[in-house]
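Each remark here refers to the structure printed beneath this line.
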Amino acid sequence: MTHKHDCCHDIKPQANAIPLIPPSQEGGSEERSVVYSCPMHPEVVSNRPGLCPECGMTLLPAKSEKLPARLSIGAGGKVKNSHEEHASHFDKHKGHNVNIFKRKFWVSLVLTIPIVLYSEVAEKMGIALPPFTTVEWLAPILGSIVFFYGGWVFLIGAYRELRARLPGMMTLIALAISAAYAYSVFVVTRGGEETLFWELSSLVTIMLLGHWIEMRAVSGAQGALRELSKLLPDTAEVIIRNTESQISNIEKEETKKVPIEELKVGDWVLVKPGAKIPADGKIISGHSDLNESLLTGESKPVHKKENDEVIAGAINGDGALIVVVLKIGEETFLSGIKRLVAEAQASKSRLQMLADRAALLLTVIAVVAGALTLGTWLFLGAGIVFAMSRLVAVLVVACPHALGLAIPLVASISTTKGAQNGVLVKQRLALETARHIDIVLFDKTGTLTKGEYGITDVLPVEGTVEEIISRAASVEYYSEHPIAHAIVREAKQQGLRPVAASKFERIPGKGAKALMDGMMVKVGSYELLKDEGLAVPVSAREKATALAKEGKTIIFVLSGRVLSGALALADIIRPESKEAIHSLKEMGVRIAMITGDSEEVGKWVARELKLDEYFARVLPEEKSAKVKLLQQKGKKVAMVGDGVNDAPALTQADLGIAIGAGTNVAIESAGIILVKSDPRDIVKIIRLSRLTYRKMIQNLWWAAGYNIIAIPLAAGVLASWGIFLEPAVAAILMSVSTVIVAGNAVLLRRQEI
């Protein structure tokens, strides 16, 4: 059956499955690459720059190793990070994890207590413990153990930072404790008594405590990939079958439990109520409501039935399902999300680059300020002990750990939060740009509209609305044309059963006809009506003409020689589009649309959605030119599209947003991807961008700002009034500032987008 209409060339069928970012072809599974690892957790290694998943520190380049070309994902979609793949290369560091600081802290604390109790500070506080013969060696021996056991992790971290020519937090801590230890040992060898062992021991202990608390505070902030891995079950129940016979009872099928990594394409798996879908596939028996909220951000359970596709990690509802596995490993939807999260976490925003430079600058300032402090107090005759204490305090309090974590933690949490809400951030720069967007340019078909025909109006003449739709659907039931599908779908949605029809026949270029209840019913265009010599009543003709001017396709229904009425069809506007556009306008963002449809169609959609601007009859190669036109007006443009022909425009725009149900080419060209084809998620992007920026600025001000007061106090500017920071107090302040920054970043999780 053929229908003439103006807008069919821009109708694109929706894909049933969401295509994924294909793995990059890098010429093999392995390549010679620089190894990046954490200064505090040497066992954490990666083949790309990024952040430590344990503590959030920047990974530093180590040495050349043979590593996987990219993040490795197992057959079942399980993440295998560089740490897991190459643990055998780092067995000597086995056991290095968050708990190492907990263990070292408690041991150092036990050793520090007697050092403090037998120190001069205890005497000043009126604490006097009974002396023993070798009491003078208590502090040197226990202090040395604390220095080498508790402080070793900082010394190694400093070595790695200096080798990478990236001095930072570990360097400053190592300088502080090394200066205190070297000075104390020197005093002991000269027979002196004014050592810094109690300051050294308490400093190391407090630093270990600070790192332990901090890592607990940010626990999970860097664990996006691990959290995604938890969405998959460990095993799957594969149905044992000899033939593809009809399934009589789903829950009684004989199954065999296998590790998820052993699943193969074509396997039938049984998914019991409450279980997780083990792999991407299609339901071949059963129906149920699936919870996909952690994958797509869709809060409501999605009803799935036979022939519907399912996503690995979705949680089954009350029904039992038999699913045939269609995709495994890196081809799965979940693996695609993991790759995007990994790429986003490896990328940096402008603010993060600023923070990195500020951290390096602060390190230089701390070293210079420490040297000036030492020299000044020695020159003023304050004594070597006091001068060394001021040096240590300055180096400790100025550690840029909080500054180094201020941006990465917020960025990591926002990336994870976006993924949980159906917003996949490929590039953090793209998310940062979103808060500046002035105008959002939507591609019409597949974004603002569903990309499929639907009935928008019914014009009764000699029949009721139900009769017209039912008769049209009965004829079109046998046709494969998109308009026919739309009519049949509308009838099903209204609960109208098609009437038994026979002798179906296509009328080339005009429509179709079929015999029902002894009467020939015809459905088709105005040309069909002319052939029958039938006139359209004036009222119906005027309405039909007005609808046609809006770009809608008019289909007439004839029952014998009587005109029953007419149907108006058009690309269906998504019900969520109006809500999205209303929200965007409330945020001060203008809305524009681009389409290859006629001027009438563009005008109708723009009027229905109350758009600020639209471009009609735009050829695919002209879309990027329209983006440039808006940019030339001084606008920051976000382009939203889903087709291959949208790729140049997505690249040209300040922010490219690909609809998840679109093509791989469009997705590769975008900085942000929407899992669902829901324009309301554009609002989430802008809100997330603004929330993220606000948190980053708050953290930057705190992380850098407190040093304005802390460094002069540590240096002893107010020493004449008896106000200065002891090294132990400086360590506490530095640790607290880091925990505050981490805690503030974690609060982003509670924000609604």
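Position 1 is the first residue of the sequence; numbering continues from there.
Looking only at distances, no side-chain donor or acceptor of K513 sits under 3.5 Å from a matching main-chain atom of M520. Looking at D267, its side chain does come within 3.5 Å of a backbone N or O of K264 through a donor-acceptor pair.
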Exercise. Please assess K256 against E237 for the test salt bridge (Lys or Arg N to Asp or Glu O under 4.0 Å), listing each intermediate value before the final yes or no.
Key: CA-CA 5 Å; K256 175 185 177 183; E237 293 195 45; over 6 Å; no
Practice problem: Could you give me the CA-CA distance, side-chain angles and deciding distance for E579 and R680, then say whether salt bridge (Lys or Arg N to Asp or Glu O under 4.0 Å) is met? | Solution: CA-CA 7 Å; E579 184 181 341; R680 290 176 297 185; 3.3 Å; yes
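For A592, the side chain to side chain contact (heavy atoms under 4.5 Å, CB included) partners two or more places apart in sequence, or in a different chain, are I439, L441, E613. Shown here are the side chain to side chain contact (heavy atoms under 4.5 Å, CB included) partners of K585, two or more places apart in sequence or in another chain: I581, I591, K610, D612.
Remark: the S559 side chain and the R471 side chain contain an N/O donor-acceptor pair separated by less than 3.5 Å. Side-chain contact of Y453 with E490: a donor-acceptor pair under 3.5 Å is absent, judged by distance alone. Side chains of S624 and Q652: a donor-acceptor N/O pair is absent below 3.5 angstrom, by distance only. Judged by distance alone, the side chains of K552 and T456 do bring a donor and an acceptor atom under 3.5 Å apart.
Each of D308, I315, L321, I311 was evaluated against L290; a single residue qualifies, L321, per the side-chain contact (heavy atoms from CB on, under 4.5 Å) test.
Atom CG of L459 is separated from atom CD1 of I554 by 6.5 Å, given to the nearest 0.5 angstrom.
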